[in-house]
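Take a look at the structure set out below.
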Amino acid sequence: MALLDDLPNVDSRLFKAPNHETLRLPLSDQPAPKILLLYGSLRERSFSRLAVEEAARLLNAMGANTKIFDPRGLPLPDAEDSSHPKVDELRTLAQWADGMVWCSPERHGAMTGIMKAQIDWIPLALGGVRPTQGKTLAVMQVCGGSQSFNTVNQLRILGRWMRMVTIPNQSSVPKAFMEFDDNGRMKPSPFYDRIVDVMEELVKFTLLVRERSDLLTDRYSERKESAEEVSKRVSQRAI
């Protein structure tokens, strides 16, 4: 597999790209899974960005189509109108995606404001479309010191709030400054292997969920609300 040439830490004999056959799913003419990756730092040498870039390489090798959003220039929530170019770009990507990866540094025991601002700009509903509902999510964090899970736990809460299918596995990279070489590539380690695990699981869940998303997110309360709106319009036309 040509894409594995750019993954020197991966043992090609053990690498498996999830697909419909391995998941025992009916063959589908759906395009490759579309994954949006967000990171939470504007530093020149951002370890959350480097971790996301590694994740994107793995996802591409597994047959996914990836896009990484650059948060530089994104205004604070409500500081600008939603027509701002960076806001529009982010929301368009959120609607495009079948799943997402969120990776944030841990700062003061929590995710960064940059990470939270990106999520805050993505609405639950946008012109009759729900850009996150029923889509898959993988959460990751990078730490400046010892390993922590504060940030991934917070990201999980946000993922549930955004009505996303947050996968069970997650990644937390301690002392991230020691885990990347001078070229910005992650060194071989159990932490790298965990990212491989997380991306493999994300692709599996995305393939399993995306063709059933409408069924899984069909709700009684929303059907009731729609029926009441139809009834109201019919009554107004009868007057």
* Within a reach of under 6.0 Å around CG of Asp11, are more than 12 heavy atoms found that belong to other residues, nucleotides or ligands? -> yes
* Within the distance-only criterion (no hydrogens, no angle test), does the side chain of Lys135 pair as donor or acceptor with the backbone N or O of Ala97 below 3.5 angstrom? -> yes
* If we only count heavy atoms from C-beta on, is the Ser148 to Gln141 side-chain gap below 4.5 Å? -> yes
* With a 4.5 Å heavy-atom cut-off, do Met115 and Ser48 have their side chains touching? -> no
* **Donor-acceptor contact present, side-chain Glu222 to main-chain Asp218, <3.5 Å** => no
Which atom pairs, one a donor and one an acceptor, fall under 3.5 Å between side chains of residues 159-167 and the rest of the protein, sequence neighbours left out?
residue : atom : partner : partner atom : Å
Arg163  : NH1  : Gln133  : OE1          : 3.2

* **Joint hydrophobic cluster, Phe205 plus Leu36, side-chain heavy atoms closer than 4.5 Å** => no
* Asked: Is a side-chain donor or acceptor of Asn183 paired with a backbone partner of Arg185 at a separation under 3.5 angstrom?
  -> no
* Structure fact -> Residues passing the side chain to side chain contact (heavy atoms under 4.5 Å, CB included) test with Asn153, sequence neighbours excluded, are Phe149
* Determine which pairs satisfy salt bridge (charged side-chain N to carboxylate O under 4.0 Å, His left out) with at least one residue from residues 37-51, sequence neighbours left out, and list them in order. => Arg49-Glu53
* To do: Go through the steps for Arg194 and Asn169 under the test side chain to side chain contact (heavy atoms under 4.5 Å, CB included), then give the verdict.
  => CA-CA 9 Å; Arg194 174 57 69 89; Asn169 216 339; 3.5 Å; yes
* Asked: Partners of Arg156 by salt bridge (charged side-chain N to carboxylate O under 4.0 Å, His left out), sequence neighbours excluded?
  -> none
* Is there a donor-acceptor pair closer than 3.5 Å between any side-chain N or O of Glu106 and the backbone N or O of Gly145? -> no
* Asked: Do Val142 and Tyr39 share a hydrophobic cluster (ILVMFWY, side-chain heavy atoms under 4.5 Å, transitive)?
  -> yes
* **Audit row: Val10, Tyr192, side chain to side chain contact (heavy atoms under 4.5 Å, CB included) steps and yes/no** => CA-CA 9 Å; Val10 170; Tyr192 177 87; 3.5 Å; yes
* Grab the two heavy atoms, one from Pro71 and one from Leu42, that are nearest each other, plus how far apart they are. => CG-CD2, 3.7 Å
* Asked: Any ion pair linking Lys232 and Glu228 (charged N to carboxylate O, less than 4.0 Å)?
  -> no
* Residues in side-chain hydrogen bond (donor to acceptor under 3.5 Å, both in side chains) contact with His20, at least two apart in sequence or another chain -> Glu211
* To do: May I have the step-by-step check of side chain to side chain contact (heavy atoms under 4.5 Å, CB included) for Phe69 and Val52, ending in yes or no?
  => CA-CA 10 Å; Phe69 177 72; Val52 152; over 6 Å; no
* Structure fact -> Closest non-hydrogen atoms of Gly40 and Thr112, given as atom of the first, atom of the second and distance, are O-OG1, 2.7 Å
* **N-O pairing of Glu89 and Lys86 below 4.0 Å** => yes
* Is the closest side-chain heavy-atom distance between Val196 and Asn9 below 4.5 Å? -> no
* Pair Lys175-Glu179, salt bridge (Lys or Arg N to Asp or Glu O under 4.0 Å): steps then yes or no -> CA-CA 7 Å; Lys175 297 183 179 179; Glu179 298 300 325; over 6 Å; no
* To do: Would you confirm whether Thr66, through its side chain, and Asn60, through its main-chain N or O, come within 3.5 Å as a donor-acceptor pair?
  => no
* Cluster question for you: counting only ILVMFWY and a side-chain heavy-atom cut-off of under 4.5 Å, with indirect links fine, are Ile35 and Leu38 together? -> no
* Asked: Less than 4.5 Å apart, any side-chain heavy atom of Trp96 and any of Thr92?
  -> no
* Structure fact -> Minimal heavy-atom distance between Leu7 and Ala61, with the atoms involved, is CD1-CB, 3.7 Å
* **Contacts of Pro77 that satisfy side chain to side chain contact (heavy atoms under 4.5 Å, CB included) - sequence neighbours left out** => Ala117, Asp120, Trp121
* Out of curiosity, does Val209 fall in the hydrophobic cluster containing Val198 (side-chain heavy atoms, cut-off under 4.5 Å, transitive links)? -> yes
* To do: Give a yes-or-no answer on whether the side chains of Thr206 and Thr136 include a donor-acceptor pair shorter than 3.5 Å.
  => yes
* Structure fact -> Shortest non-hydrogen pair, Asn150 vs Gly109, comes out as CB-O, 3.4 Å
* Can you find a pair of side-chain heavy atoms, one from Thr132 and one from Met100, that are under 4.5 Å apart? -> yes
* Asked: With side chains defined as the heavy atoms from C-beta onward, is the minimum distance between Arg210 and Leu207 less than 4.5 Å?
  -> yes
* Asked: Can Met186 be reached from Leu4 by stepping across I, L, V, M, F, W or Y side chains whose heavy atoms are under 4.5 Å apart?
  -> yes
* Asked: Heavy-atom count around Lys187 NZ within 6.0 Å, excluding the residue itself: above 12?
  -> yes
* To do: Take Val87 and Glu80, measure what side chain to side chain contact (heavy atoms under 4.5 Å, CB included) needs, and give me the verdict at the end.
  => CA-CA 9 Å; Val87 177; Glu80 297 281 351; 5.8 Å; no
* Structure fact -> Rounded to the nearest 0.5 Å, the OG1 atom of Thr151 sits from the CE atom of Met140 at a distance of 12.5 Å
* How far does CZ of Phe47 sit from CD of Glu54, to the nearest 0.5 angstrom? -> 12.5 Å
* Structure fact -> One should read off an interatomic distance between Glu201 CD and Gln170 CD, to the nearest 0.5 angstrom, of 10.0 Å
* Asked: Which heavy atom in Ser41 sits nearest to a heavy atom in Pro105, and how many Å separate them?
  -> CB-CG, 3.9 Å
* Other residues, nucleotides, ligands: >12 heavy atoms within 6.0 Å of Glu21 CD -> no
* Leu155 side, atom CG; Lys116 side, atom NZ - distance, nearest 0.5 Å -> 10.5 Å
* So, the side chain of Gln147 versus the backbone of Ser172: is there a donor-acceptor pair under 3.5 Å, distance only? -> yes
* **CG on Asp70 to CG on Leu90, rounded to 0.5 Å** => 11.5 Å
* Structure fact -> To the nearest 0.5 Å, atom OG of Ser226 lies from atom CZ of Arg219 at 12.0 Å
* To do: Kindly give the heavy-atom pair with the smallest separation between Ala138 and Met199, and that separation in Å.
  => CB-CE, 4.4 Å
